[in-house]
Undergrad: 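There's a structure below that I have some questions on.
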Amino acid sequence: MQYNESEFLIETIVPEHELIISRTDLEGIITYANETFCEISGYETGELIGKPHNIVRHPDMPSSVFKDLWQTIENKKQWSGIVKNIRKDGGFYWVRAMVSSVYKDGELIEYKSLRTPVSYEEKLEHQKLYDKMRKDNGEKRRKIIYESN
Ligand SMILES: Cc1cc2nc3c(=O)[nH]c(=O)nc-3n(C[C@H](O)[C@H](O)[C@H](O)COP(=O)(O)O)c2cc1C
């Protein structure tokens, strides 16, 4: 998908007092999204349920971050990290995500993610880090359409 440059610059700030919550099945398909997740990502609940969680993947995120996430949770450990996500309208938001397993009667049934706000300094640090990681890995840069008018 392509976005124009101005949309890329619009940040949605995650409020201090609210938690963004989602759950997925074991394949990463969204099974639950709370109201805050819908508001911050710009989607309706019905647009998120049943979709792969990469629906909010931002092209600035290096793939190795998600490889690490999946390896960690598949090893039954909790993963925590700073993630830049993309909104439905092409804007973005940063979160500190804590991803862990959901068990029922001792059986792994789902994964869940709780997300909280990130400080300005951490956003800046991670933007630079992720830009470098993508560059070092030869990953695609963001696609921006420059409008001629
Ligand atoms: C519970 C849970 C929450 C996740 N939350 C996000 C998220 O907020 N943003 C994101 O880009 N990927 C998230 N992922 C990882 C995605 O499943 C996916 O690995 C990632 O977006 C990379 O997608 P791709 O490898 O298909 O490009 C989450 C995974 C799980 C299990």
Side-chain angles (χ1 to χ4, degrees), residues 1-120 122-127 129-131 133-134 137 139-145 147:
M1 201 186 276
Q2 293 186 318
Y3 302 96
N4 70 39
E5 64 174 338
S6 58
E7 286 166 340
F8 254 108
L9 298 176
I10 301 170
E11 177 172 9
T12 299
I13 301 292
V14 176
E16 281 291 336
H17 56 281
E18 284 179 50
L19 264 185
I20 300 177
I21 304 173
S22 64
R23 290 201 305 267
T24 72
D25 67 10
L26 302 182
E27 311 287 298
I29 305 294
I30 299 170
T31 56
Y32 170 79
N34 76 342
E35 213 173 292
T36 306
F37 183 27
C38 296
E39 273 170 31
I40 302 289
S41 65
Y43 287 100
E44 303 283 331
T45 320
E47 294 178 295
L48 290 170
I49 309 295
K51 299 282 165 52
H53 217 308
N54 69 7
I55 189 169
V56 290
R57 184 188 175 176
H58 197 286
D60 283 359
M61 287 300 294
S63 48
S64 56
V65 171
F66 298 114
K67 214 173 143 197
D68 180 56
L69 182 160
W70 279 99
Q71 270 173 4
T72 306
I73 58 176
E74 282 170 356
N75 282 318
K76 311 221 165 3
K77 293 193 193 115
Q78 178 175 302
W79 184 87
S80 174
I82 308 258
V83 180
K84 183 179 186 178
N85 278 330
I86 195 159
R87 284 172 46 92
K88 186 181 180 181
D89 63 10
F92 66 93
Y93 62 98
W94 283 93
V95 287
R96 179 185 314 282
M98 280 147 289
V99 184
S100 58
S101 304
V102 180
Y103 292 93
K104 194 180 174 200
D105 301 327
E107 192 197 340
L108 174 65
I109 51 162
E110 287 192 320
Y111 295 117
K112 67 167 187 285
S113 179
L114 308 179
R115 306 174 189 86
T116 51
V118 178
S119 70
Y120 174 78
E122 281 176 305
K123 289 175 195 170
L124 201 58
E125 181 194 326
H126 283 80
Q127 181 71 58
L129 173 69
Y130 293 158
D131 282 350
M133 284 166 74
R134 288 196 331 279
N137 291 331
E139 284 186 68
K140 268 197 216 136
R141 310 306 293 262
R142 65 179 70 157
K143 279 186 198 154
I144 296 176
I145 305 166
E147 287 169 348

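Given the structure is predicted, the values throughout are model-derived calculations rather than measurements.
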Undergrad: Is the closest side-chain heavy-atom distance between Ile86 and Phe92 below 4.5 Å?
TA: no
Undergrad: Measure from the side-chain N and O atoms of Arg134 to the backbone N and O of Met61, and report whether any donor-acceptor pair falls under 3.5 Å.
TA: no
Undergrad: Do the non-hydrogen side-chain atoms of Tyr111 and Ser100 ever get within less than 4.5 Å of each other?
TA: no
Undergrad: Are Pro62 and Lys67 packed together at the side-chain level, in the sense that at least one heavy-atom pair is separated by less than 4.5 angstrom?
TA: no
Undergrad: Quick one: are Pro15 and Ile40 in side-chain contact, heavy atoms under 4.5 Å?
TA: yes
Undergrad: How many angstroms lie between CD1 in Ile109 and OG1 in Thr31, if you round to the nearest 0.5 Å?
TA: 8.5 Å
Undergrad: If you look at every heavy atom in Ser64 and Met133, which pair is closest and at what distance?
TA: OG-CE, 3.3 Å
Undergrad: Is there side-chain contact between Gln127 and Trp94, with at least one heavy-atom pair below 4.5 Å?
TA: yes
Undergrad: If you look at every heavy atom in Val56 and Ser41, which pair is closest and at what distance?
TA: CG1-CB, 4.1 Å
Undergrad: Hey, does the side chain of Asn137 reach the backbone of Glu139 with a donor-acceptor pair shorter than 3.5 angstrom?
TA: no
Undergrad: How many angstroms lie between CZ in Arg57 and CG in Asn85, if you round to the nearest 0.5 Å?
TA: 10.5 Å
Undergrad: Under 6.0 Å from the CD atom of Glu16, do we count more than 12 heavy atoms belonging to anything else shown?
TA: no
Undergrad: Which value, rounded to the nearest 0.5 Å, describes the distance between Lys112 atom NZ and Ser101 atom OG?
TA: 8.0 Å
Undergrad: Between Arg23 and Val102, which heavy-atom pair has the shortest distance, and what is it?
TA: CD-CG2, 4.2 Å
Undergrad: Any chance you could lay out the side-chain contact (heavy atoms from CB on, under 4.5 Å) test for Ile73 and Trp70, step after step, and finish with the verdict?
TA: CA-CA 5 Å; Ile73 58 176; Trp70 279 99; 3.8 Å; yes
Undergrad: Does the side chain of Ile10 come within less than 4.5 Å of Arg87's, by heavy atoms?
TA: no
Undergrad: Under a 4.5 Å cut-off applied to non-hydrogen side-chain atoms, are Tyr130 and Asp60 in contact?
TA: no
Undergrad: Main chain of Glu27, side chain of Asp25: is a donor-acceptor contact present, judged purely on distance under 3.5 Å?
TA: yes
Undergrad: Between Asn75 (side chain) and Gln71 (backbone), is there a donor-acceptor pair under 3.5 Å?
TA: yes
Undergrad: Can you tell me how far CD1 of Ile82 sits from CZ of Arg96, rounded to the nearest 0.5 angstrom?
TA: 4.0 Å
Undergrad: Using the side chain to side chain contact (heavy atoms under 4.5 Å, CB included) criterion, which residues pair with Lys51? Sequence neighbours excluded.
TA: Ile55
Undergrad: Using the side chain to side chain contact (heavy atoms under 4.5 Å, CB included) criterion, which residues pair with Leu19? Sequence neighbours excluded.
TA: Ile21, Leu114, Thr116
Undergrad: Looking at Ile29, Leu48, Thr24, Val99, which one forms a side chain to side chain contact (heavy atoms under 4.5 Å, CB included) with His53?
TA: Thr24
Undergrad: Looking at Ser80 and Met98, what are the two nearest heavy atoms and their distance?
TA: OG-CG, 4.0 Å
Undergrad: For Arg115 and Ser22, run side-chain hydrogen bond (donor to acceptor under 3.5 Å, both in side chains): C-alpha distance rounded to whole Å, both residues' side-chain angles, the deciding distance at 0.1 Å, then the answer.
TA: CA-CA 9 Å; Arg115 306 174 189 86; Ser22 64; 2.8 Å; yes
Undergrad: Would one find more than 12 heavy atoms of other residues, nucleotides or ligands at under 6.0 Å from atom CD of Glu35?
TA: no
Undergrad: May I ask you to check whether over 12 heavy atoms, not counting those of Glu44, lie within 6.0 Å of atom CD?
TA: no
Undergrad: When rounded to the nearest 0.5 angstrom, what distance separates NE2 in His58 from OH in Tyr93?
TA: 10.5 Å
Undergrad: CD/Glu18 to CD/Glu39 distance, rounded to the nearest 0.5 angstrom?
TA: 6.5 Å
